[in-house]
Participant: 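This is the structure I have questions about; it appears just below.
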There are 2 protein chains.
Amino acid sequence: MYTNGRAQEPSARETVYAKLKEQILNLELAPGTALSEKESSLVLGVSRTPVRESFVRLAQEGLVQVLPQRGTFVSLIDPALVEEARFMREHLERAVVRLACAHFPDSHLHALEDNLALQLKSIEREDDRRLFELDEAYHRILFEGCGKLNTWRAIGQMNVHLNRSRMLRLVADRHWRHLYEQHETIFRAVKEGDADRAERVMQEHLLLGVRDLAHLMDKYPQYFISGGDGKP
Amino acid sequence: MYTNGRAQEPSARETVYAKLKEQILNLELAPGTALSEKESSLVLGVSRTPVRESFVRLAQEGLVQVLPQRGTFVSLIDPALVEEARFMREHLERAVVRLACAHFPDSHLHALEDNLALQLKSIEREDDRRLFELDEAYHRILFEGCGKLNTWRAIGQMNVHLNRSRMLRLVADRHWRHLYEQHETIFRAVKEGDADRAERVMQEHLLLGVRDLAHLMDKYPQYFISGGDGKP
DNA sequence: GCTACCACACTACCATACAAGTATGGTAGG
DNA sequence: CCTACCATACTTGTATGGTAGTGTGGTAGC
């Protein structure tokens with residue numbers, strides 16, 4: 001029979017992949033940074049094989065760029081990708097909140113409520129990393145409650161690029177209150193079934209993520225794709 | 001300087017990946033089929049490494065399922081994934097045709113026109129594979145003309161699941177004329193800037209892809225995920 | 001006849017060795 | 001001083017061997 005315990009330790013490839021991805025999204029590995037199979041394998045204490053396979057996965061997500069016989073680099077942030085990620089989220093999340101206003105399970109409504117409470121706590125503690133995670137979880141719950149979890153996962157691939165620019169913005173700007181208030185407003189709209197209001201606030205909410213993108217590109221030009229090319 | 005020739009032969013990994021993906025999408029490798037690094041490496045005349053790395057990529061796209069120490073299998077078609085792919089396309093393509101009606105480059109308008117002509121030819125020849133490709137290209141041109149090519153690529157990952165079910169449908173049903181007429185109508189609406197009409201037809205058009213899904217699940221139950229599980 | 005066990009064939013996972021292309025710094029020649 | 005060349009130290013790409021977990025068929029014991 002199956003060993004459905006699900007308790008097996010994760011593979012080396014999985015841990016390496018998760019570690020690298022986290023560091024890239026955190027900007028600990030800044031855009032443009034040179035990686036190397038060998039170096040990463042030494043640092044992480046595994047052989048080149050799982051590192052290499054992680055590079056393959058990250059390359060497919062557009063987070064790294066592999067240039068044969070030359071090197072592997074953390075991708076620069078592509079403003080077009082950021083804008084299109086916003087575009088996708090705008091249209092899909094507007095559709096999803098409308099669904100949510102028509103029908104949303106109580107369990108997930110409570111999950112949203114709990115999530116909002118934790119967001120407040122994180123703001124008090126000024127824990128921006130944690131707030132970032134809660135923000136992601138909040139939107140995920142919305143999709144999950146509408147039976148559209150796979151859609152959220154598909155967005156995820158584009159979303160990582162949007163998130164890198166949002167992370168860049170977090171370090172300077174503080175717009176936490178506004179973000180929380182929008183989440184709270186959307187929650188109430190869903191609860192009351194006010195689809196028009198929910199959709200409108202969601203659209204504004206997602207615009208917040210790309211505001212001042214030009215400003216960021218000015219401040220951190222080395223992190224962005226510049227002209228026609230884009231390779232370091 | 002860069003060797004920007006772009007004329008280098010593709011790597012073994014790339015060719016293996018493309019080959020396997022094509023066969024899976026064509027249903028030549030039917031859902032549920034058992035694969036193996038060793039066997040594929042023998043068939044394709046390469047070592048296990050590029051095959052393995054292709055499996056990693058395909059697994060990330062959800063086209064194969066790797067069970068450690070047990071085997072690798074072509075994924076069964078998940079109806080939920082098919083429906084959500086349609087959901088994504090519905091909302092994103094509606095938004096895109098609206099953009100197209102507001103502004104669309106002449107070059108891409110001509111590309112659509114040429115594409116439609118080729119579609120007619122394919123229908124005359126009853127070349128369904130070719131028509132399928134042209135259908136994909138048609139929608140791609142729409143996104144490209146609106147500067148949303150990355151969005152189309154992001155859809156692609158979900159779209160492969162939708163396409164497998166569409167491919168399954170093609171073998172029995174013939175709805176070519178209807179499909180063409182909708183493409184043609186959308187084209188004219190874009191040309192005339194009639195956004196409401198374009199959006200409406202696009203929505204109907206995408207519903208066509210999942211019609212009779214239940215019927216297909218009845219006819220080919222072994223290709224679909226059945227109950228709570230989904231593993232072969 | 002039925003059950004428990006065990007050897008074996010098979011899988012994917014990981015480590016390692018070799019191959020081939022690329023960037024770079026030093027050096028010889030002008 | 002400047003340029004062309006070349007050895008060398010990198011890089012990723014590919015092949016292969018060993019390891020550990022898994023399914024299966026046969027067999028011994030009841």
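Excluded from the calculations below are hydrogen atoms, water molecules and symmetry mates; all remaining heavy atoms, backbone and side chain alike, are included. All chains are named by letter (A, B, ...) in the order of the sequence lines, taking the proteins before the strands, and each is independently numbered beginning at 1.
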Participant: Salt bridge between B:Glu90 and B:Arg94, side-chain N to carboxylate O under 4.0 Å?
Facilitator: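 Salt bridge between B:Glu90 and B:Arg94, a charged N being under 4.0 Å from a carboxylate O: yes.
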Participant: Quick one: A:Arg52 CZ to C:dT16 P, roughly how many Å, whole number?
Facilitator: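 From A:Arg52 CZ to C:dT16 P: 16 Å.
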Participant: State whether the side chain of B:Tyr17 and the backbone N or O of B:Arg57 hold a donor-acceptor pair below 3.5 Å, judged by distance alone.
Facilitator: no
Participant: Would you call the rings of B:Tyr223 and B:Tyr220 parallel, tilted or perpendicular, where under 30° means parallel and over 60° means perpendicular?
Facilitator: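 Aromatic pair B:Tyr223/B:Tyr220 classed parallel.
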Participant: Please give, in whole Å, the distance from C:dC14 P to A:Tyr17 OH?
Facilitator: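 Whole-Å distance recorded here is 16 Å.
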Participant: For the pair made of CD in B:Glu53 and P in D:dT14, what is the distance, rounded to whole Å?
Facilitator: 7 Å
Participant: Give A:Ser11 one of three labels, base, sugar-phosphate or nothing, depending on what nucleic acid heavy atoms sit under 4.0 Å from its own.
Facilitator: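 Answer is sugar-phosphate: A:Ser11 comes under 4.0 Å of backbone atoms only.
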Participant: Using whole Å, report how far CG of A:Leu58 lies from C1' of D:dT12.
Facilitator: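 Rounding to the nearest Å, CG of A:Leu58 and C1' of D:dT12 are 16 Å apart.
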Participant: If you only use heavy atoms from C-beta on, which nucleotide in D:dG13, C:dT16, D:dA15 is closest to the side chain of A:Val66?
Facilitator: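 Taking heavy atoms from C-beta onward, the closest nucleotide is D:dG13.
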Participant: Would you mind reading off the distance between B:Arg48 atom CZ and D:dG18 atom P, rounded to a whole angstrom?
Facilitator: 12 Å
Participant: For D:dA15 and B:Ser47 - does any side-chain N or O of the residue sit under 4.0 Å from the phosphate oxygens OP1/OP2?
Facilitator: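 True: B:Ser47 side-chain N/O within range (under 4.0 Å) of D:dA15 OP1/OP2.
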Participant: Sort me out a list of protein N/O and nucleotides 9-11 of chain C N/O pairs below 3.5 Å, or just none if empty.
Facilitator:
residue	atom	partner	partner atom	Å
C:dT11	OP1	B:Ser36	OG	3.3

Participant: When the distance from CD of A:Gln65 to P of D:dT12 is rounded to whole Å, what number comes out?
Facilitator: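 Taking CD of A:Gln65 and P of D:dT12, I get 13 Å after rounding.
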Participant: Please report the closest heavy-atom contact between A:Met158 and B:Ala154, naming both atoms and the distance.
Facilitator: CG-CB, 3.6 Å
Participant: Does any pair with a residue in residues 149-169 of chain A pass ring-ring contact (aromatic ring centres under 6.0 Å, His included), and if so which ones, sequence neighbours excluded?
Facilitator: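 For residues 149-169 of chain A: A:Phe143-A:Trp152.
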Participant: Between B:Glu83 and B:Arg86, does any side-chain N to carboxylate O distance fall below 4.0 Å?
Facilitator: yes
